[in-house]
Amino acid sequence: MAKPTRSFPANIGHWYDRLASYNVADLFTRKRAPGPPRTVYLNEPLPPSNFDRKGKIRRDHIFTSNQIITSKYSLITFLPRNLLEQFRRVANVFFLGIAILQFFHEFATISPGAAILPLIVILVITALKDGYEDFKRHQSDEEVNFSQVRVLSGGDWVNHNATEAKSKSFFPPIFSRRPTHGSPEFDYEDHSNTPDKPHWKQTYWEDLRVGDIVKIMDNQPFPADIVICSTSEEENVAFVETKNLDGETNLKSRRGVTALANLTDAQQCADPKNQFHIDCERPDTDMYRLNAAVTVNNDVSSIDLSHTLLRGTVLRNTDWVVGVVLFTGFDTKILLNSGGTPSKRSKVERQMNPQVFINLAILAVMAVVCAIVDSSLEKKFFPLDAPWLFSDDHSDDNPKINGLITLVFAFLTFQDIVPISLYISIEVVRTLQAAFIYFDADIYYEKTKQATIARSWNLSDDLGQIEYIFSDKTGTLTQNSMVFRMCSIGGKAYRGNDRPEELVEVKRDSKDPPTAQAVQVDLWAAEQHMSSSSRSQIVDTELKKKASLSITEDTKFQDLNLLDDIEKATNSNSPNPALQDFSLINFFTVLSLCHTVLAAIDPETGAVHYKAQSPDEAALVQTAADLGYIFLGKDRDILSLRSPGSTDVEKYELLNILEFTSARKRMSVVVRRLDSPNDGLLLLTKGADNVIFERLRPGEEGLKAETERHLSEFAFSGLRTLTLGYRPISVAEYESWSAKYDEANVSLEHREDRIEAVSNELEQNLCLLGATAIEDRLQDGVPETIADLKTAGIKIWVATGDKLETAVAIGKSTNLITPDSNIIVIRGGTRLVDAQINNALLQFFPESTDESSSLDHKVNEDRTIPLQRVTTGVSLVGADNGDRPGGFVLVIDGAALLQAFANDESKALLLRLSVLCAGVICCRVSPLQKALVVRLVKDGLGAMTLAIGDGANDVSMIQAADVGVGISGEEGLQAVNSSDYSIAQFRFLKKLLLVHGHWSYARNGVMILNFFYKNIVPTGVLWWFQIFDGWSAAYAFDYTYILFWNSLWTVLPVIGIGLFDRFLDSHTLMAVPELYRYGREGTWFGIRIFTIYVLDGIVQSAVIYFLIQYTYFSSSARPDGWDVGQFEFSTTMAISSVLVVDLYTGFTATVWTWWLTFAVAFGLVVQWCFTIIYSALGPNAAPTSNLYGNDHFLFRSAYFWLSLPLTFFIALAPRYLYKSWKFIYSPGDLETFQLLQKKYPGRDLSSFSKAKQGDGAAGPPPISKTRRRDSRASSTMSLEPRRFGRPSGDIRSSNRTDMATGLTSVDRGFDFATEENGVEMRRVQTNLSERRMSKQHLPSGSKGKDAIKNVLSLPRSFLRRKVSSAS
């Protein structure tokens, strides 16, 4: 069957689309393929196979340099690339052709140099602007490339591995800002200061090479992908912070390669005896996989990602690491996931090309008509010897050829239909708009003295048309800190005191490692022996007196009722404590002991510092310490704790850790109290509410119901929740269970499943204690900003590397997920993602589904898990599932996206579901997937996109979006370096879009339309003149009026609109975000409104020409009776045209400021002065002048003074009659608010915003607002409606439907961040297992209730009373 052929217009459109979408960067940016598999040689020469016949190293054995370049230009590519980018503008190509024509004598109207000069000025000014922007990028690159790292040097050590040369900088070294050394240039570990001996030398990152041995110190970032040789920690473990890579805030543990553990200092590293080489696969984009092997003395050891430190991560809680550089520069995983710096063009600029084509088409039609008619007239009248056919007797005069000459002349005559000054005016306006953004005090961050910076000046109008925002989470929406906010203990809620500063905050910044606040303790003079580990120094002694906390009173969680209850519980002398007292003590015992936090003692101050991989655990342990339950550390498997009201240190033996995983959703520890009269054991557990609830003992229903209510309240506020429980264990039960657990740990088949089954067997019949609520602290103003952006009609998607629970919790706290939202979860795994998406469409959006059989077939081909409400242990909602009024929010993980992006059909299906949802959260996504998600919307919907982030993992997303915004936070400068705008806080995005974006788009759109309009008017006048001059393409008025039309007469009014017009004041735009829709809908720029302006210009040119011509020729305008000369009436037309155009442009503006008044008046005054002076100059002074003496006739003519007001009012009447009618009889929101702000200039107009006319059920107040004193309820109220603005009745959090399982549950905010199956946890588990195997079986002891009372941290009076009563 023959393929259908495209029609001619379709072919033209196809080629135009290809041309418009062509990326100039592809010509100059070589897409470097990932390097080949490599072998890195250390302390041994390269093998002969690495060299070619000439003795040079083969290309595939030369590794990329570590120099990072995010700038677009180099010294060689600047001129060709910049010229190609500028000539993507059709108008520049046109004017180049016009200028070339002027070099031919037959077509020259002015000197060729003068003809091409305006184009050269435009190209040079634009190139200077682009060069300056790139200069700033180079400076930012230098800040990264000139960072320093310790590299092995000295002695006889040589790195034989070859590295390619660095790229030349675009700017000469004189402009380089190479920093001075901030630390000693050399590090001699033996303090010998002998350069000949091996030592560590401070080296710039860009000079780092594959095969270099480096030493990284605590809190330093990694400059490349590095294999760990040795660390300062016991068992060769290191801790890294990966939030800049995957968005997760918890620390990850890494381990050194055992075979290289002896390389601990420079001397060992440089020793020729320590020869080895590393074989590695080629670099790839997979962030979670690396396969390599190291060969030492013919012994081969494997290397995987757990042995590797990736660029973009930071060393934490580890004094130093020694490693070998494996991948550098663009071979590192983080940069493989980033793209090259794109050449972005604004949407307005892209829309201008078709409009320029339309003008060129009009120009071509005019030229062809002139050529055809002129040639026809000449052929008709040539035989008749018409007197106006001069030189018709010349041999080279041919009427047939003269038509072609007229065609070219017509292009020159009507060339102003395409305004040459448009582009240079746009560049000037956008540059000054960037300055307005820079100097805006409202988006200036005083804390860091940082202004908002426009790094790409040509995208300001795009800020006013954004439809989708893609945001990172960590560091962008959050502050990278956890704050303990509330808790529920024994059915009683504690919500903290009124003062918002009385919250404990565990901050994680670049200066201090993520530890808890210090706890000051007094030690005995004779201190016990401390552990050699720098991470696990503990207090293994009695405390002499009560510890004094070094943290200030205004930084820790405080609740007066909770303190009173704790004091009451600890001071009670009753042998049978109240249930609440019992729950309080057990609750904080679980917080203090069920974790993996390490404690370190400062030998000088005696302060206890907590070091945690999980920020959640750090906040929990710190809060327990603030309330008197101070965890003092771990010595091997002995935990030390001091409880309030006691000076003794309680000792617990850690027997087992049942670690947290995403599947288990819980963590448990088994401990034994060492100083209790009986050997009772206790299981302490924390985890998700549904997991804990389904494992509770019978009889807990009342407490469970009350705790559920509190959890719903916490989740309603966007807090991360954990539920706590415990269970006493008899010795006999533990011995039986421990044997099963040890057997499962050494099983060769299905080990993980067996361990989980045995663990689950122990974690049953739990006693419920309560729940905690932690805030992943947001950046200031994030909830309000997101709410206002959503009100503005912008859809917000969050793309993060965090796990699903964390992403959902942030969605709630940021108002992206409201309490009445329905959450649709799509997971990768065994069930096809296409089937999950189709089922979601059928269940929740049946009206949008395609009823075709093909869709039904796709849906039915995977029905292994039917969508229904299943009665399980999971908390399920009622019949309103999927019907809540808050709309739907899609949550999808990286594994599901991997399947969805596999083919075009799956991508279209995902996009279809996504656009039906109010928001989308992508979790567990890689940096490359972030960019793919942006492109899915950008290319699939043609929507305007903005991406915002602060880390290196956000670079690809920022580059893929139409506008990229980088937050200069704690995660380095790579996001900022690759961005188009740099801001200090997420909340500044609101004014950047709603005010500066609105203004820039409206100003630029109206300015460009007026540019086209103002050039249509004189072109139209010239066109109407052709009717009466034989279509010869001659000028109607003096050429100087055409020459200065775009440079003097009419340029300032349109620039004035671009700079100073203000359609609405900033406070109105901020108060009523709905007004942003005018930008999203393209109100101020597009083909439709362009056509209206062009028709306006055509009509006005006809009014000016015909009214003035017939006025002057109806009878003689001169008192002497002589005929009117051409330049007498045509000069009137020129002056009238400028008057109409300038005032029309001025009246287009909404607000007349003094600047705009000056701009409008300037062209009028200058033209009048020019006409008077130029008319008075004689032929000797102005040999090209056609106006000499014109002033004598022009200004004395009544027709002149009559024509000007007549043409002005008649020409402008249609437009302003329509504007008056619309403003009076059919006003829109824009006109309404213009009137309101004029009549009530000081009034707050936010009450007109629909989002702020709330009925009380719009959603929870932001967390920052709930801290205010007047909104706080009593700290111990179980649940008061006035605490939160929620609907009356039973509290329910967002519905959550997991399409992978078919289960629909109530989401109560569970979230917990920690490393799963990490190196450190494996090490701890191995040590515990070895110690268990080496010990004797535990002696039998008391069981049941008596065991509990001897194990828990009860006051000594309880224990003494119990023992005495037993005797």
Side-chain angles (χ1 to χ4, degrees), residues 26 29-42 44-52 56-69 159-167 205-206 208-214 222-229 242 245-246 254 257 259-260 276-296 300-313 323-340 894 898 901-902 926-932 952-953 955-956 974:
D26 293 341
T29 304
R30 179 168 55 94
K31 285 191 175 181
R32 186 180 181 279
R38 63 188 58 196
T39 301
V40 183
Y41 297 90
L42 280 300
E44 58 180 278
L46 301 180
S49 60
N50 282 27
F51 298 89
D52 59 17
K56 296 182 179 179
I57 298 179
R58 297 180 183 274
R59 182 69 188 89
D60 56 351
H61 294 291
I62 299 177
F63 307 122
T64 183
S65 74
N66 203 42
Q67 185 184 42
I68 301 302
I69 298 176
N159 182 2
H160 297 285
N161 301 281
T163 301
E164 65 184 16
K166 296 183 296 184
S167 300
W205 279 21
E206 68 173 9
L208 201 62
R209 302 166 54 202
V210 172
D212 278 342
I213 300 179
V214 296
F222 300 112
D225 291 350
I226 298 169
V227 174
I228 306 174
C229 296
T242 62
L245 200 65
D246 57 20
R254 299 290 184 262
V257 180
L260 305 178
F276 63 94
H277 63 266
I278 301 174
D279 298 300
C280 184
E281 63 183 0
R282 68 186 306 142
D284 62 26
T285 58
D286 192 338
M287 305 285 292
Y288 306 103
R289 185 182 68 87
L290 185 141
N291 292 324
V294 58
T295 303
V296 182
V300 180
S301 302
S302 65
I303 296 176
D304 56 30
L305 198 63
S306 66
H307 301 96
T308 310
L309 305 169
L310 299 182
R311 180 173 181 139
T313 60
V324 177
V325 176
L326 192 59
F327 296 115
T328 52
F330 290 98
D331 281 343
T332 58
K333 289 189 177 293
I334 185 64
L335 291 173
L336 283 172
N337 278 272
S338 303
L898 192 63
F901 287 134
S926 67
L928 190 58
Q929 284 179 321
K930 290 185 178 184
L932 292 175
N953 59 327
V955 169
S956 56
Q974 277 194 266

Test log, rule side-chain contact (heavy atoms from CB on, under 4.5 Å), inputs Arg254 and Ile226
CA-CA 11 Å; Arg254 299 290 184 262; Ile226 298 169; over 6 Å; no

Any non-hydrogen side-chain atom of Val955 less than 4.5 Å from a side-chain atom of Ile334?
no

Is Lys930 close to Asn953 at the side-chain level, that is, under 4.5 Å between some pair of heavy atoms?
yes

Under 4.5 Å between any side-chain heavy atoms of Val324 and Leu326, yes or no?
no

Could you tell me whether the side chain of Val214 reaches within less than 4.5 Å of the side chain of Val325, counting heavy atoms only?
yes

Between the side chains of Asn161 and Arg38, is a donor N or O closer than 3.5 angstrom to an acceptor N or O?
no

Decide side-chain contact (heavy atoms from CB on, under 4.5 Å) for Thr332 and Leu310; before the verdict, give the C-alpha distance in whole Å, the side-chain angles of both, and the deciding distance to 0.1 Å.
CA-CA 7 Å; Thr332 58; Leu310 299 182; over 6 Å; no

Looking at Ile57 and Ala162, what are the two nearest heavy atoms and their distance?
CD1-CB, 3.4 Å

All side chain to side chain contact (heavy atoms under 4.5 Å, CB included) counterparts of His277, not counting sequence neighbours:
Thr39, Tyr41, Glu44, Asp279, Thr295

Heavy-atom closest pair (Ala293 atom, Val300 atom, distance to 0.1 Å) is CB-CG1, 3.8 Å

Kindly compute the distance separating CZ (Phe901) from CG (Leu932), expressed to the nearest 0.5 Å.
5.0 Å

Measure the CG-CD distance between Asn291 and Glu281 for me, rounded to the nearest 0.5 Å.
4.5 Å

Donor-acceptor contact present, side-chain His61 to main-chain Arg58, <3.5 Å:
no

Are Gln67 and Thr163 packed together at the side-chain level, in the sense that at least one heavy-atom pair is separated by less than 4.5 angstrom?
no

So, Lys333 side chain and Asp286 main chain: donor-acceptor pair closer than 3.5 Å or not?
yes

Go through it in stages, so that I can follow the logic: the residues are Glu164 and Thr64, the test is side chain to side chain donor-acceptor pair (under 3.5 Å), and I'd like the CA-CA distance, side-chain angles, deciding distance and then a yes or no.
CA-CA 6 Å; Glu164 65 184 16; Thr64 183; 3.1 Å; yes

On a heavy-atom basis, the closest approach of Pro223 and Leu208 is CG-CD2, 3.6 Å

Do Phe327 and Arg282 have side-chain heavy atoms sitting under 4.5 Å apart?
no

For residues Phe222 and Trp205, report the shortest heavy-atom separation together with the two atoms involved.
O-CH2, 4.0 Å

How far does CD of Gln929 sit from CG of Leu898, to the nearest 0.5 angstrom?
6.0 Å

Show your reasoning for whether side-chain contact (heavy atoms from CB on, under 4.5 Å) applies to Asp284 and Leu290.
CA-CA 9 Å; Asp284 62 26; Leu290 185 141; over 6 Å; no

Within-4.5 Å side-chain heavy-atom neighbours: Asn66 and Glu206:
no

Beyond-backbone contact of Phe330 with Ser65, side-chain heavy atoms, under 4.5 angstrom:
no

To the nearest 0.5 Å, atom CG of Asp225 lies from atom OG1 of Thr308 at 7.5 Å

If I take atom CZ from residue Arg59 and atom CG from residue Asp52, how far apart are they, to the nearest 0.5 angstrom?
12.5 Å

To the nearest 0.5 angstrom, please state how far the CG atom of Leu260 sits from the OG atom of Ser301.
7.5 Å

Donor-acceptor under 3.5 Å (Arg289 side chain, Leu305 main chain):
no

In terms of heavy-atom contacts, Leu336 and Thr285 come closest through O-CG2, 3.7 Å

